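As the structure is a prediction and not an experimental result, all values here were calculated from the model.
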Amino acid sequence: MACKPPTQLATPGKILRHRKFTATSTTNPLSWRRILSPEPLLSLSTSFPSGKCNVKQLVKCSASGTAEATGAVNLGPGTPVRPTSILVVGATGTLGRQIVRRALDEGYDVRCLVRPRPAPADFLRDWGATVVNADLSKPETIPATMVGVHTIIDCATGRPEEPIKTVDWEGKVALIQCAKAMGIQKYVFYSIHNCDKHPEVPLMEIKYCTEKFLQDSGLTHVIIRLCGFMQGLIGQYAVPILEEKSVWGTDAPTRIAYMDTQDIARLTLIALRNEKINGKLLTFAGPRAWTTEEVITLCERLAGQDANVTTVPVSILRFTRQLTRFFEWTNDVADRLAFSEVLTSDIVFSVPMNGTYNLLGVDQKDIVTLEKYLQDYFTNILKKLKDLKAQSKQTDFHI
């Protein structure tokens, strides 16, 4: 891709929904600039009424060559961008690392956008990926990471200690705008199932509004809503049970169809290669929806020992959220508690997957069940524990 990255990026301001690409002289470099407004980018309390997103964009982009009717940018002569070149944003996360590993196994040229960190993401380089440093909270660091990239797979989310809107809203707006300006040809965004039904939860409202922002951007895109990761259950339930520590649960009958992130990665890359999927909103869910109590019972059976369960009533979560709202420094805690409250309500995070399997050409039998996933985990862990005990006895004997 022969282009000059944007040189003028500023902190997010008021965003208008319409973007205009204009044909200019072929000698003009690709340029991108924001026109700022004193109005804040996002006010969770007033900007997002239920079911609506007042997302506005005031961006002017120009590129050499002519603008295609589809909104794609003709970047002029240069080395063609290979369809196998992808940028994974959030590559060190639970899902991101599986996307990277699967893409590399399937022959993709993978570039990983990661934040500068004291401990470098060497495992990504060891796998064969290219690692580039950038930070979604610093838009000026983003453009250079996209040069020569065909597709962006966006797995990023903010850290627990960060304000939710810093990465998940302001950072994503900057990322999508830059992808449009840089001529990225496909954008894959991961969202949350039922995010359009819970405007009272900041993270879910932001996810829904980001979906709308991406759809309005004109980028060729695929939106994938997720229900829950099986990997998250290991630290939450499996490890505490094995270590005989407290397992935290709730008294709510919420059911979640957890899915193995390796399956999510595989289905994502299948969708990536299928042009019929472009512009669609898919939801990935596991074969069965489970309550917290059912997951704990399954872990107890596979571990061969009882769990020390501490139940937190939903009423306590509601009270804690209301209490933290009184203090500015605990607002982000309250926002995350709002998400927890949704997960502890009487709802089901699942969808029928037959249509999606048919669309992707996938056999349901190839999707890992939670029973199989946890059985493999406990079998491997218990075997390692037995081996360690055996080695310990041998050492004691020789001493």
| Working for salt bridge (Lys or Arg N to Asp or Glu O under 4.0 Å), residues Arg266 and Asp260 | CA-CA 10 Å; Arg266 181 168 64 90; Asp260 187 349; over 6 Å; no

| Neighbour count >12 (heavy atoms, 6.0 Å) for atom CD, Glu106 | yes

| field | Over 12 foreign heavy atoms within 6.0 Å of CZ, Arg273 | value |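 Count over threshold, so yes.
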
Under 4.0 Å between a Lys/Arg side-chain N and an Asp/Glu carboxylate O for [X] and [Y]?
X: Asp216; Y: Lys212; result: no
X: Asp196; Y: Arg225; result: yes
X: Glu211; Y: Lys207; result: no
X: Lys245; Y: Glu243; result: yes
X: Lys186; Y: Glu275; result: yes

Any donor-acceptor pair under 3.5 Å from [X] side chain to [Y] backbone:
X: Gln231; Y: Thr261; value: yes
X: Thr379; Y: Asp376; value: no
X: Arg255; Y: Ala289; value: yes
X: Asp154; Y: Ala156; value: yes
X: Asp135; Y: Arg115; value: no
X: Gln305; Y: Ile241; value: yes
X: Arg111; Y: Val147; value: yes

Do [X] and [Y] make a side-chain contact, defined as non-hydrogen atoms from C-beta onward lying under 4.5 Å apart?
X: Val295; Y: Thr291; result: no
X: Leu272; Y: Val222; result: no
X: Leu95; Y: Leu226; result: yes
X: His150; Y: Ile184; result: no
X: Cys299; Y: Leu374; result: yes
X: Val368; Y: Gln262; result: no
X: His221; Y: Ile152; result: no
X: Phe284; Y: Thr268; result: yes

Which heavy atom of [X] sits nearest a heavy atom of [Y], and at what distance?
X: Gly107; Y: Thr84; value: O-CB, 4.5 Å
X: Ile223; Y: Ser191; value: CG2-CB, 4.3 Å
X: Cys155; Y: Gly96; value: SG-CA, 3.8 Å
X: Asp168; Y: Gly158; value: OD2-N, 3.0 Å
X: Val247; Y: Pro240; value: CG2-CB, 3.8 Å
X: Val131; Y: Ala121; value: CG2-O, 4.1 Å

| query | Does the pair Arg288 and Glu294 meet the rule for a salt bridge (Lys or Arg N to Asp or Glu O under 4.0 Å), with working shown? | reply | CA-CA 11 Å; Arg288 174 189 163 184; Glu294 290 171 339; 3.5 Å; yes

Is there a path from [X] to [Y] through hydrophobic residues (I, L, V, M, F, W, Y) whose side chains come within less than 4.5 Å of each other?
X: Phe378; Y: Tyr258; answer: yes
X: Val88; Y: Ile264; answer: yes
X: Tyr377; Y: Ile367; answer: no
X: Val132; Y: Val100; answer: no
X: Leu104; Y: Val188; answer: yes

| request: Evaluate the ring planes of Tyr187 and Phe189, with Trp represented by its six-membered ring, and classify them as parallel (under 30°), tilted (30 to 60°) or perpendicular (over 60°). | output: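 Geometry flag for Phe189 against Tyr187: tilted rings.
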
| task | Show your working on side chain to side chain contact (heavy atoms under 4.5 Å, CB included) between Leu359 and Lys280 and close with a plain yes or no. | result | CA-CA 11 Å; Leu359 184 64; Lys280 290 189 179 294; 4.1 Å; yes

[X] side, atom [atom1]; [Y] side, atom [atom2] - distance, nearest 0.5 Å:
X: Arg102; Y: Leu267; atom1: CZ; atom2: CG; value: 9.0 Å
X: Cys209; Y: Leu214; atom1: SG; atom2: CG; value: 12.5 Å
X: Ile277; Y: Ile270; atom1: CD1; atom2: CD1; value: 10.0 Å
X: Asp105; Y: Arg101; atom1: CG; atom2: CZ; value: 5.5 Å
X: Phe213; Y: Leu219; atom1: CZ; atom2: CG; value: 9.5 Å
X: His193; Y: Phe349; atom1: NE2; atom2: CZ; value: 7.0 Å

| query | So Tyr237 and Leu298, side chain to side chain contact (heavy atoms under 4.5 Å, CB included) or not? Walk me through it. | reply | CA-CA 10 Å; Tyr237 302 118; Leu298 176 61; over 6 Å; no

| task | Could you check Thr157 against Val167 for side chain to side chain contact (heavy atoms under 4.5 Å, CB included), going step by step and ending with a plain yes or no? | result | CA-CA 6 Å; Thr157 190; Val167 170; 5.9 Å; no

| request: Could you give me the CA-CA distance, side-chain angles and deciding distance for Thr356 and Thr283, then say whether side chain to side chain contact (heavy atoms under 4.5 Å, CB included) is met? | output: CA-CA 8 Å; Thr356 301; Thr283 299; over 6 Å; no

